[in-house]
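One structure below.
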Amino acid sequence: MSFKLPSLPDVPGTDPSRAVLDSFKVAIAKRVADALPSLTVEQVYQGVDYGKKGVDFTIALPRFRLPGKVDVLAKTVIDQFQADDFVESVTHDKAFLHFMLKTPSLVRAVLTQVHELTYDAPSPEYGTNTSGAGKKVVIEYSSPNIAKSFHVGHLRSTIIGAFLANLYKACGWEVVSMNYLGDWGTQFGLIAVGFEKYGSEEELQKDAIKHLFDVYVNINKDAESDPGVKAAAAAWFKRMEDGDEDALKNWRVWRELSVKKYAEEYERLNVHFDVYTGESKVGKKWQDFALERLNEMGLISDAEGAKLVELDKWKLGKAVLRKKDGTSIYLTRDIGGAIERYEQHKFDKMLYVISSQQDLHTAQFIKMLHLMEFPWASSIEHVNYGLVLGMSTRKGNVVFLEQIIREAASVMHEQMKKNQEKYAAVEDPEQTSLEVGLAAIKIQDMAAKRINNYTFNWDRMTSFEGDTGPYLQYAHVRLTSLTRKNPELLPLPPPDQIAAETLAERPAAREIAFLLGTYPDVVRTALRTHEPSGVVTFAFRLAHAISSAWETVVVKGEKDVERARARMWLYLCARDVLGAAMRLLSIRPLERM
Ligand SMILES: NC(=[NH2+])NCCC[C@H](N)C(=O)O
């Protein structure tokens, strides 16, 4: 960094070159360790937490379990305290030590780092880290069923999974993102039978996903009243499993057309997959192997020809692993699929982003992988999430991803039209309303802890007021417009020639700088918890801090050019970090709206 802070001890796990607040935290830890010599800097560092409102950092002394009274210890630290370039002051409240950082160095250090890691790096890097360097993660998400509806559960998996893929990349991991399609199973026998009766080549070419769904719905109805249909479907699927080319021909076309259609929709959602695989791709070999191994372990029983695995001992019940006619099922394919993924990718970690409705299913196959003593079984994690209630379009129930995307764009479009003046200034209302609408859906989905259920609410999520996606997009657009509105201040001089110390005059500016400094920690925490909500909360805190700064930290109308430029710099750094957080959440930040 072109701006140098005094040197400090090197604490493992810190990386001041990417997270400059680490330096400030180490400085605090050093102070405390100097005053309380029975503690090392490393030990204290672990206890330096972000403070509540109005406090930068806090240490809860009791966590160190030192002999003696905590308020005496606190007083020892305070008595020895001398302000320096990092730390301005310390106070105590019973057992808590509260620290304030030195504003001018805080502001300059953070903004310089944001700037350098945004513009002096090959691609913007502020907030990223290298903790995953050399490691590989397979992340499976979305995984809809071809010819069945794409329900909101799949949408959540898609949104959360895309976030996780971005997050792991940002933390230096090699990421293999994977879509495991439900493209196999008895229902494809059913559709094949149905296609002979209801299928149309033309409809199929037009919209494969929709047409196959219609065929499925129709033939399902028939099957309810006519047991012959079910039997025919089962027989057809058996032929598919046996690799009968005639039985597979149509299915191949359906799969290909569906994948193509999905890929287009994912593109609009700003979601990407390295691999489109699916249940159909899982080979027999490992499924047979699993059955054998579990049988040797005495865990398999026979139920009228079907094979059951007994997992009661682990409170995971019983489950069918193979049907009477020898065909495989969902659970067995997951076992085989996991083994194949390890064979192919030799991952260090594998995540399954699947609804909590499948907690049992997921726990069962992971347990079986453990029982089969695959050492990598402990590198598998189920990232689960709660239900979405009440999602429908104004025309009725949502069945397809396409409907969700279209509805988001159209609801948003109407919302934007309400402000005629602004609306008139939007260049491409179609595209803009789509992006804002998608931000609305994504933010609503990721705003709370994953495991919580939430109720889908078009009105609330598309509002420009409150903590919504549109509000974030608006905050970003407003920051972007600064450069258009103040061309006379540009280009800004290099960081070390910007009068950053003038920003210290304004608490609102300091608040923004501090928040920007916390972003690398926001990313680290998200990696640990697999929770997007922390990133969403950060984005809103930042957007709120910016919105309350506009009045006191003015750019246009500030006569002193040096001050105006410093403020512009602050806002542009804020724009870059807000944009980075939005991109991490798979949202495309808008420049105009
Ligand atoms: N490996 C897995 N089981 N992934 C989840 C697949 C989800 C499944 N296709 C469904 O829609 O219910």
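We count ligands from 1, going down the list as the structure has it; atoms in each ligand are counted the same way.
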Proximal ligand 1 atoms for [X], defined as those under 4.0 Å from one of its heavy atoms:
| X | value |
| --- | --- |
| Tyr330 | 2 (C), 3 (N), 5 (C), 6 (C), 7 (C), 8 (C) |
| Tyr180 | 1 (N), 2 (C), 4 (N) |
| Asp334 | 1 (N), 2 (C), 3 (N) |
| Ile354 | 2 (C), 3 (N), 4 (N), 5 (C) |

Is there a nitrogen or oxygen of [X] sitting under 3.5 Å from a nitrogen or oxygen of ligand 1?
| X | answer |
| --- | --- |
| Ser143 | yes |
| Arg341 | no |
| Tyr352 | no |

[atom] [closest protein heavy-atom partner, distance rounded to 0.1 Å]:
| atom | result |
| --- | --- |
| atom 12 (O) of ligand 1 | Gln358 NE2, 2.8 Å |
| atom 11 (O) of ligand 1 | His154 NE2, 2.7 Å |
| atom 4 (N) of ligand 1 | Glu140 OE2, 2.8 Å |

Are the side chain of Arg583 and the backbone of Pro589 linked by a donor-acceptor contact shorter than 3.5 Å?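 The answer is no, because no donor-acceptor pair under 3.5 Å joins these two groups.
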
Pair [X], [Y]: side-chain N/O donor-acceptor within cut-off below 3.5 Å:
| X | Y | result |
| --- | --- | --- |
| Thr327 | Asp325 | yes |
| Arg18 | Thr128 | yes |
| Tyr385 | His530 | no |

Quick check: Phe273 with Tyr266 (ring centres under 6.0 Å apart)?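 Yes; Phe273 has its ring centre under 6.0 Å from that of Tyr266.
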
Of the listed options (Asn145, Asp183, Leu181, Leu331), which comes nearest to atom 9 (N) of ligand 1 when hydrogens are ignored and any heavy atom counts?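 Nearest option to atom 9 (N) of ligand 1, by heavy atoms: Asn145.
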
Quick one: are Asp183 and Tyr276 in side-chain contact, heavy atoms under 4.5 Å?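 In short, these two side chains do not touch, never coming nearer than 4.5 Å.
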
Angle between ring planes, Phe150 versus Tyr262, binned at 30° and 60°: parallel, tilted or perpendicular?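 Aromatic pair Phe150/Tyr262 classed tilted.
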
Between atom NE2 of His272 and atom CG of Asn179, what is the distance when rounded to the nearest 0.5 Å?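 One finds 13.0 Å between NE2 of His272 and CG of Asn179.
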
